Student: 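Structure provided below as structure tokens; questions to follow.
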Amino acid sequence: MSMLTNTLGRYFAGRFVVAALGVFASIFLLLVLVDYIEMVRKTSGLASASAIMVAETSLFRVPQLLEKLTPFCMLIGAMTCYLALSRRLELVVARAAGISAWQFISPALGSALLIGVIATVAYNPMSANLRELSKRMEAELFGSAPGGGIQDASGFWLNQVTSDGQTIINAARSEQQGVRLTGLTLFRFDTKQHFQERVEAREATLEAGHWLFKGVRRFSLDSPPVDQASLEIPTTLTEAQVRNSFSTPETVSFWQLPSYISSSESSGFATAGYRLQYHKLLAQPFLLAAMVMLAASVSLRFFRMGGVQKMVLSGVGAGFLLYVLSKVTEDLSKAELMHPIAAAWLPVVVGGLTGFLALLYQEDG
């Protein structure tokens, strides 16, 4: 019996991993296709935008988008796996051999935990690095466009006050968590809040004690525009302060989050978002295991008894409700109305207990 259980365990684990990776790859290709079409539409008027560069930019953007869908990949993959096993009567044969439902799902739970660990410690840093690379490629693509995106009122805003006066900076794009900016518009005021000039620049880099702007055009009220190769503007901001202002928790890799939390605390910035992201990544393996429990609770019914559509809808509905719960707790945590640990782990506990109780009722009730 032990040999039989181990053999079936490896078989069920392999089927689950193949199904989950198949769903992951399918959604990945779909996102790449949709994002590529959107990027082609945006770059259709740029002579410098090659098809290969546009495709690479889309390819590097997608991993971070897909990271948010990983729990749903596990849910759909587990449902696909168990429904296929049920349709082929393999679960019936396993039950006849004395294998319980808990032994069916244990291999998938172990595989989900392992996939979650890999997603946290390896996939998350990779997706964050690729996202930074895609931002750099976007800057190259759109930097030569008329205006370079400078007039876009969206993007990133920064206000700094020094002994020389006030400078309001708008950047269309941010790289390296704000240390490098592209597509810039600056509004400069003197110490008495009188407007001095408007400055447009192709890019800017934060250096020790100053911003270095390149590809500069300066506009003032009493003189024609002046082009300059570079311009230095003093600043009291440090790299840590700029990164905490420009970076979002999702763009910081798992291994860098502890240092970001420490630097934010020392600089007086809010750390709720970084703490929430850190605990969400820690809880990710258990969230994937909870998704497997939910999928198993609606997928282990004998296939020929019917009601497959109802089972699938029930599983998708449970996953959607769990997603809504995670978004609500996330918003509460970012508003500092809920502790980040509770916000990150509550969906895991609710999803895991729901699946566990449903399976307990079906199999042992």
Side-chain angles (χ1 to χ4, degrees), residues 2 5-25 27-28 63-64 66-85 91 94 99-128 253-255 257-258 276-300 315 318-319 321-323 325-326 329-330 340-360 363:
S2 177
T5 303
N6 293 336
T7 303
L8 282 175
R10 289 192 296 270
Y11 175 72
F12 288 148
R15 291 293 301 271
F16 165 74
V17 171
V18 169
L21 293 181
V23 173
F24 190 89
I27 296 178
F28 178 82
Q64 192 172 72
L66 188 57
E67 185 178 8
K68 301 177 181 179
L69 300 178
T70 303
F72 290 98
C73 294
M74 292 297 105
L75 177 69
I76 298 174
M79 291 174 60
T80 303
C81 172
Y82 288 125
L83 287 175
L85 291 174
L91 292 184
I99 307 300
S100 68
W102 304 107
Q103 291 171 301
F104 295 159
I105 67 173
S106 295
L109 288 176
S111 301
L113 288 171
L114 180 60
I115 292 174
V117 171
I118 295 174
T120 296
V121 303
Y123 184 82
N124 173 261
M126 181 197 70
S127 66
S253 72
F254 172 74
W255 301 108
L257 278 170
L276 174 64
Q277 178 68 6
Y278 183 66
H279 287 287
K280 282 175 63 178
L281 290 174
L282 287 178
Q284 185 169 232
F286 302 96
L287 179 61
L288 300 187
M291 287 297 186
V292 172
M293 295 281 287
L294 284 176
S297 66
V298 299
S299 305
L300 293 183
L321 291 177
L322 197 61
Y323 172 77
L325 175 62
S326 66
T329 56
E330 179 178 338
I341 296 179
W345 288 90
L346 183 61
V348 178
V349 174
V350 171
L353 286 179
T354 301
F356 175 78
L357 291 176
L359 279 174
L360 192 65
E363 301 300 321

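These numbers were taken from a predicted model, which means no experiment stands behind them.
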Student: Contact between Thr329 and Lys280 at the side-chain level, heavy atoms closer than 4.5 Å - yes or no?
Tutor: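 The answer is no, as the side chains (C-beta and beyond) never meet within the 4.5 Å cut-off.
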Student: When you measure from the side chain of Tyr82 to the backbone N and O of Val298, does any donor-acceptor pair fall under 3.5 Å?
Tutor: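 No, the answer is negative, given that no donor and acceptor are paired below the 3.5 Å cut-off.
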Student: Classify the ring geometry of Trp345 against Phe286: parallel below 30°, tilted from 30° to 60°, perpendicular beyond 60°.
Tutor: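 Ring orientation of Trp345 relative to Phe286: tilted.
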Student: For Val23 and Phe72, run side-chain contact (heavy atoms from CB on, under 4.5 Å): C-alpha distance rounded to whole Å, both residues' side-chain angles, the deciding distance at 0.1 Å, then the answer.
Tutor: CA-CA 9 Å; Val23 173; Phe72 290 98; over 6 Å; no
Student: Taking atom CD1 of Ile76 and atom CG of Leu83, what is their separation to the nearest 0.5 Å?
Tutor: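 Result: 12.0 Å between the selected atoms.
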Student: Between atom CD1 of Ile105 and atom CZ of Phe16, what is the distance when rounded to the nearest 0.5 Å?
Tutor: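 Going from the CD1 atom of Ile105 to the CZ atom of Phe16 covers 11.0 Å.
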Student: According to the side-chain hydrogen bond (donor to acceptor under 3.5 Å, both in side chains) rule, which pairs have a member within residues 283-293, sequence neighbours left out?
Tutor: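 Matches after skipping sequence neighbours: Thr120-Gln284.
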Student: Pick out which of Leu294, Leu69, Val292, Leu322 makes a side-chain contact (heavy atoms from CB on, under 4.5 Å) with Leu75.
Tutor: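 Among Leu294, Leu69, Val292, Leu322, the one meeting side-chain contact (heavy atoms from CB on, under 4.5 Å) with Leu75 is Leu294.
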Student: How close do Ala78 and Ala295 get, counting heavy atoms only, and between which atoms?
Tutor: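 Nearest pair, atom of Ala78 first, then Ala295: CB-CB, 3.5 Å.
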Student: Return the CG to SG distance between Leu66 and Cys73, rounded to the nearest 0.5 Å.
Tutor: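 Output value for this atom pair is 5.5 Å.
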Student: For a quick test of reading the model, state the closest non-hydrogen atom pair linking Ala20 to Met74 and the distance between them.
Tutor: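 Between these two residues, the closest heavy atoms are CB-CE, 3.5 Å.
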Student: For the atom pair OG1 (Thr70) and OH (Tyr123), what is the distance rounded to the nearest 0.5 Å?
Tutor: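 Going from the OG1 atom of Thr70 to the OH atom of Tyr123 covers 6.0 Å.
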Student: For the side chain of Ser297 and the backbone of Gly355, is there at least one donor-acceptor N/O pair under 3.5 Å apart?
Tutor: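 Checked: no pair found.
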Student: Hey, could you give me the CD1/CE distance between Ile118 and Met126, rounded to the nearest 0.5 Å?
Tutor: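 That separation rounds to 12.0 Å.
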Student: If you measure from OG on Ser111 to CG on Leu288, what distance do you get to the nearest 0.5 Å?
Tutor: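 So the gap between those two atoms works out to 11.5 Å.
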Student: Considering residues, nucleotides and ligands other than Tyr323, do more than 12 of their heavy atoms fall under 6.0 Å from its OH?
Tutor: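 No, not enclosed.
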Student: Residues two or more places apart in sequence or in another chain: which of them pass side chain to side chain donor-acceptor pair (under 3.5 Å) with Thr354?
Tutor: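 Scan of Thr354 (side chain to side chain donor-acceptor pair (under 3.5 Å), adjacent residues dropped) gives none.
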Student: Considering all heavy atoms of both residues, which atom of Pro125 and which atom of Ser253 are nearest to each other, and what is their separation?
Tutor: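 Result for this residue pair: CA-CB, 3.6 Å.
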